[in-house]
There are 2 protein chains.
Amino acid sequence: MTDRPYHHGNLRRVALAATAEAIEAGGGPAALSLREVARRAGVSHAAFKHHFGSKPGLLTALATEGYDLLADALAAAGDDRVEAGVAYVRFAAGHPAHFEVMFQPGLYHADDPGLRAAEERAARALTAVLPDSADQDARLAAWSIVHGFAGLWLSGALPADPGADAGDAARPVISLLTLAP
Amino acid sequence: MTDRPYHHGNLRRVALAATAEAIEAGGGPAALSLREVARRAGVSHAAFKHHFGSKPGLLTALATEGYDLLADALAAAGDDRVEAGVAYVRFAAGHPAHFEVMFQPGLYHADDPGLRAAEERAARALTAVLPDSADQDARLAAWSIVHGFAGLWLSGALPADPGADAGDAARPVISLLTLAP
DNA sequence: TGAGGGAACTTTCCACTGGCAAGATAAGTT
DNA sequence: AACTTATCTTGCCAGTGGAAAGTTCCCTCA
């Protein structure tokens, strides 16, 4: 029918990008349609079965990619605690589809080994910026404040200027949490 | 066919309860099925049209109920800032379906007047416990840390004892955020 | 009392969804 | 060249949300 080649070549990568686009365009992961993603990627809806198994499988891959991207972003932010938090928020605002899926484990296979590994890598990157003396509560407080800000930002609950940078908005807020050195 | 009366009587209330149950039982709002809720409530799937209009309409009602419950919980917690935060987390853990829907505005009609009113009532209850000197950043920090803890708790990202109380777990974490009086 | 009118609910239909099974096509491998 | 495996399509199924039309009930008002 079409002159498009039978074998796509790099469906996996394209499918993940198309999935993120569809989620961002169409109102969250709940409204995601496999067939819509397939249309964007230019393949039939059944093409994903071989690569991802099922819809939860597709979202598992997206969440894994998200944890990898988050770990990279945190590592690139350096040692400063506040700047790492800013990077966390910036990641959420810059990759809303990944972020939303990551923290709704009901959507994917939360016990997938590859996913767990990426998750732990991100958790280590997050803990790395905290002072050695930080106990579990301090770690949770730091994680909570950046995660909460990110979640509120994404849900539109914050009265923000359109076009404002989420990271810049988060910096003074995050700075208010001072942990004992 | 059945001896069940044609008119349900209080479908609206029962439907909301059944919706919350279905969301909590079936893995999040994304997997929610109107027909499943209808089966739980003992009516046909089209019965909701009259009361809620559509699926987003049903979830609008659930979110509104959620904001009302949250405002009540915050008001009942008194003036202490930490205890209000504990109440926030406890609400999220106690009403996960409401909470998850509330902060995914893509699922419902976020501009519904009744919803907006309930939203503002909850926002006022939250601001009421903060010191008068608190500026916007302090307000956001307080909201972020409790909201973040609640979100992480619900997503299962926290290494918690099964059966542990979310509020008790949150108290020492929330206490770490000290705002200038 | 009983007749109209609207509220509450059901039945039926439609386009769409995710998943499965079977087949087609391409790319290696020997 | 023959065989095997990976990749993708077509065709099908039960289940979904929504619209349209019909049914049952309640409530008001003469």
Side-chain angles (χ1 to χ4, degrees), chain A residues 1-23 25-63 97 101 104 106-109 112, chain B residues 1-23 25-63 97 101 104 106-109 112:
Chain A
M1 200 76 75
T2 69
D3 50 0
R4 160 173 57 85
Y6 193 93
H7 282 80
H8 187 290
N10 55 351
L11 218 203
R12 194 185 161 87
R13 209 178 332 157
V14 171
L16 288 178
T19 302
E21 277 176 32
I23 291 177
L32 181 68
S33 153
L34 269 191
R35 290 172 123 102
E36 165 66 19
V37 175
R39 262 169 251 140
R40 285 175 183 266
V43 293
S44 84
H45 78 280
F48 297 140
K49 173 142 206 211
H50 181 260
H51 292 278
F52 305 103
S54 64
K55 192 179 185 181
L58 174 65
L59 293 179
T60 303
L62 192 76
V101 171
Q104 288 183 260
L107 295 176
Y108 56 89
H109 299 131
D112 178 86
Chain B
M1 200 76 75
T2 68
D3 50 0
R4 160 172 59 84
Y6 194 92
H7 283 80
H8 188 289
N10 54 353
L11 217 202
R12 194 185 162 87
R13 208 178 333 157
V14 171
L16 288 178
T19 302
E21 278 177 32
I23 291 177
L32 180 69
S33 154
L34 270 191
R35 291 172 121 103
E36 164 67 18
V37 175
R39 260 168 253 141
R40 285 176 184 264
V43 294
S44 85
H45 79 280
F48 298 139
K49 175 145 204 209
H50 182 258
H51 293 278
F52 305 103
S54 64
K55 192 179 185 183
L58 174 64
L59 293 179
T60 303
L62 193 76
V101 171
Q104 289 184 259
L107 294 175
Y108 56 88
H109 300 129
D112 178 86

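Values reported hereafter were calculated over all heavy atoms of this structure, with side chains retained and with hydrogens, waters and symmetry mates removed. So that the names make sense, note that chain A is the first sequence line, chain B the second, and so on, each numbered from 1.
- With sequence neighbours left out, B/L32 forms a side chain to side chain contact (heavy atoms under 4.5 Å, CB included) with B/T19, B/A22, B/I23, B/V37, B/K55, B/L59.
- For the pair B/L58 CG and D/dT16 P, the computed distance is 15 Å after rounding to whole Å.
- Comparing atom distances between the B/A46 side chain and each of D/dT10, C/dG19, D/dA19 picks out D/dA19 as nearest.
- Against DNA chain C, the stretch residues 31-40 of chain A makes heavy-atom approaches under 4.0 Å through A/L32, A/S33, A/L34, A/R35, A/R39.
- Annotation: side chain to side chain contact (heavy atoms under 4.5 Å, CB included) contacts of B/A61 (sequence neighbours excluded): B/R12, B/L16, B/F52.
- Comparing D/dA19, D/dG18, C/dT10 by their nearest atom to the side chain of B/K55 picks out D/dG18.
- Here D/dT9 presents its C1' atom at 14 Å from NE2 of A/H50, a figure rounded to the nearest Å.
- The B/S54 side chain lies nearest to D/dG18 when the options are C/dT10, D/dG18, D/dT7.
- Checking the phosphate oxygens (OP1, OP2) of C/dC20, a side-chain nitrogen or oxygen of A/K49 falls inside 4.0 Å.
- Contact annotation: A/H51 reaches the phosphate of D/dC8 (side-chain N/O to OP1 or OP2, under 4.0 Å).
- Under the salt bridge (Lys or Arg N to Asp or Glu O under 4.0 Å) criterion, the residue pairs touching residues 27-38 of chain A are A/E36-A/R39, A/E36-A/R40, with sequence neighbours excluded.
- Evaluation of the side chain to side chain contact (heavy atoms under 4.5 Å, CB included) rule for B/H50 yields no partner, not counting sequence neighbours.
- The distance from atom NE2 of B/H45 to atom CG of B/L34, rounded to the nearest 0.5 Å, is 8.0 Å.
- Regarding B/F48, its CZ atom lies at a distance of 19 Å from the C1' atom of D/dA20, rounded to whole Å.
- Partners of A/A20 under the side chain to side chain contact (heavy atoms under 4.5 Å, CB included) rule, at least two apart in sequence or in another chain, are A/E24, A/L62, A/A97, A/H98.
- Side-chain atoms of A/H45 come within donor-acceptor range of the base of C/dG19, with a qualifying N/O pair under 3.5 Å.
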